[in-house]
Amino acid sequence: MTWYANSAGRYGLSGAKGDAGEKLVESYCKKNNLEWEDMNDYKSQVIDKIDCIVEGILVDVKTNMYMDRLCVELYLNNSKKVGPGWLYTTKAEQIYGVDLAQKRIYSYNVSDMVSYVEQNRRRSKLTKNNDEVIWVHKNENFITELT
């Protein structure tokens, strides 16, 4: 398998969107004098699902917001992959959800989202690819706006 140093090389247009989200997080950290480390190697990106370390915390950046809601992948059941979604497979401690259109970043602990999903799983939906996701409003009490 060829390794590409950016998500655009690995995933095309959706990867380019992810790269833009990661750049916004990097800019936010530098502007606010936060310790930031890029985790751009195969193991971090593909296996552990970690994009960066912010102030010692493992972070996965997601750019899948729509209408003030974060899309959380619970289960994959498509032609490419079957099994738990990134919420259950990431080694990250926090997710930074990026709204590229508004240039906003929202943060939450993975453990808090898992608890939320356990209580609200009935609200999950199947996508056109048969993956299970849940849409969570950015104003939930465990989600913090960073920008």
Side-chain angles (χ1 to χ4, degrees), residues 1-29 36-140 142-147:
M1 175 178 148
T2 303
W3 171 249
Y4 295 95
N6 60 36
S7 294
R10 294 189 297 274
Y11 305 111
L13 285 177
S14 67
K17 185 177 173 186
D19 289 339
E22 290 175 31
K23 285 291 180 200
L24 187 64
V25 168
E26 179 183 0
S27 296
Y28 166 80
C29 290
W36 174 88
E37 180 183 350
D38 189 19
M39 300 301 290
N40 198 12
D41 60 272
Y42 179 83
K43 182 180 182 305
S44 296
Q45 292 277 312
V46 178
I47 297 170
D48 296 340
K49 297 171 183 66
I50 296 167
D51 293 314
C52 57
I53 300 174
V54 178
E55 296 286 299
I57 297 172
L58 303 175
V59 174
D60 189 7
V61 178
K62 298 294 181 189
T63 54
N64 50 5
M65 285 191 72
Y66 181 70
M67 294 181 65
D68 293 335
R69 288 174 165 61
L70 302 120
C71 182
V72 181
E73 184 182 272
L74 305 179
Y75 193 81
L76 300 172
N77 193 26
N78 58 58
S79 60
K80 294 180 182 178
K81 204 173 201 181
V82 174
W86 58 255
L87 180 64
Y88 301 107
T89 59
T90 186
K91 298 278 192 299
E93 300 163 78
Q94 289 187 342
I95 302 295
Y96 281 14
V98 175
D99 181 341
L100 283 176
Q102 301 297 318
K103 302 277 190 256
R104 302 255 191 247
I105 303 169
Y106 301 89
S107 170
Y108 59 87
N109 292 327
V110 171
S111 60
D112 290 338
M113 184 60 79
V114 169
S115 295
Y116 176 87
V117 168
E118 287 173 0
Q119 296 171 2
N120 294 280
R121 188 81 179 235
R122 71 191 181 286
R123 292 185 47 245
S124 69
K125 307 281 184 211
L126 293 179
T127 69
K128 65 181 177 185
N129 296 322
N130 213 30
D131 297 331
E132 183 184 7
V133 301
I134 191 167
W135 291 90
V136 182
H137 198 277
K138 68 181 185 181
N139 289 339
E140 287 295 331
F142 62 93
I143 298 173
T144 303
E145 183 175 352
L146 301 178
T147 55

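Worth saying up front: this structure is predicted, and the values here are computed from it rather than measured.
Two residues are said to be in side-chain contact when any heavy atoms from C-beta on lie closer than 4.5 Å; C52 and V25 meet this criterion. Side-chain atoms of K62 and V98, non-hydrogen and from C-beta on, never get closer than 4.5 Å to each other. Contact check for E145 versus I105: no side-chain heavy atoms found under the 4.5 Å cut-off.
Between R123 and Y116, the side chains place a donor N or O and an acceptor N or O closer than 3.5 Å (distance only, hydrogens not considered).
Applying the side-chain contact (heavy atoms from CB on, under 4.5 Å) rule to S115 yields no partners; only residues at least two apart in sequence or on another chain are considered. Contacts of I53 classified as side-chain contact (heavy atoms from CB on, under 4.5 Å), with partners at least two apart in sequence or in another chain: E37, M39, L58. Under the rule for a side chain to side chain donor-acceptor pair (under 3.5 Å), the partners of Y106 that lie at least two apart in sequence or sit in another chain are K138. R69 meets the side chain to side chain donor-acceptor pair (under 3.5 Å) test with no other residue; sequence neighbours excluded. With sequence neighbours left out, the side-chain contact (heavy atoms from CB on, under 4.5 Å) criterion links T127 to N129, D131, V133. Taking V82 as the reference, Y75, N77 meet the side-chain contact (heavy atoms from CB on, under 4.5 Å) condition, with sequence neighbours excluded.
Residues V72 and W86 approach most closely at CA-CZ2, 3.7 Å, considering heavy atoms. Here the closest non-hydrogen pair linking V61 and D51 is N-OD2, 2.7 Å. In terms of heavy-atom proximity, S124 sits nearest to L74 at CB-CD1, 3.9 Å. Closest non-hydrogen pair, Q94 versus V110, comes out as N-CG2, 4.1 Å. Annotation for T89 and P84: closest pair CG2-O, 3.7 Å, computed over non-hydrogen atoms.
Checking side-chain atoms of D41 against main-chain N and O of K43 turns up a donor-acceptor pair under 3.5 Å. Remark: the backbone N or O of M65 is not paired with any side-chain donor or acceptor of D99 at under 3.5 angstrom. Within the 3.5 Å criterion, the main-chain N or O of A101 finds no donor-acceptor partner in the side chain of R104. The backbone N or O of K91 sits nowhere less than 3.5 Å from a side-chain atom of D48 that would complete a donor-acceptor pair.
Note that OH of Y108 and CG of L70 are 5.5 Å apart. Values are rounded to the nearest 0.5 Å. If you take CH2 on W135 and OH on Y66, they are separated by 8.0 Å, rounding to the nearest 0.5 Å. The CG atom of D60 sits 12.0 Å away from atom CD of E93, with the distance rounded to the nearest 0.5 Å.
Of the residues listed (K49, M113, E73), the one engaging L87 in a side-chain contact (heavy atoms from CB on, under 4.5 Å) is M113, and it is the only one.
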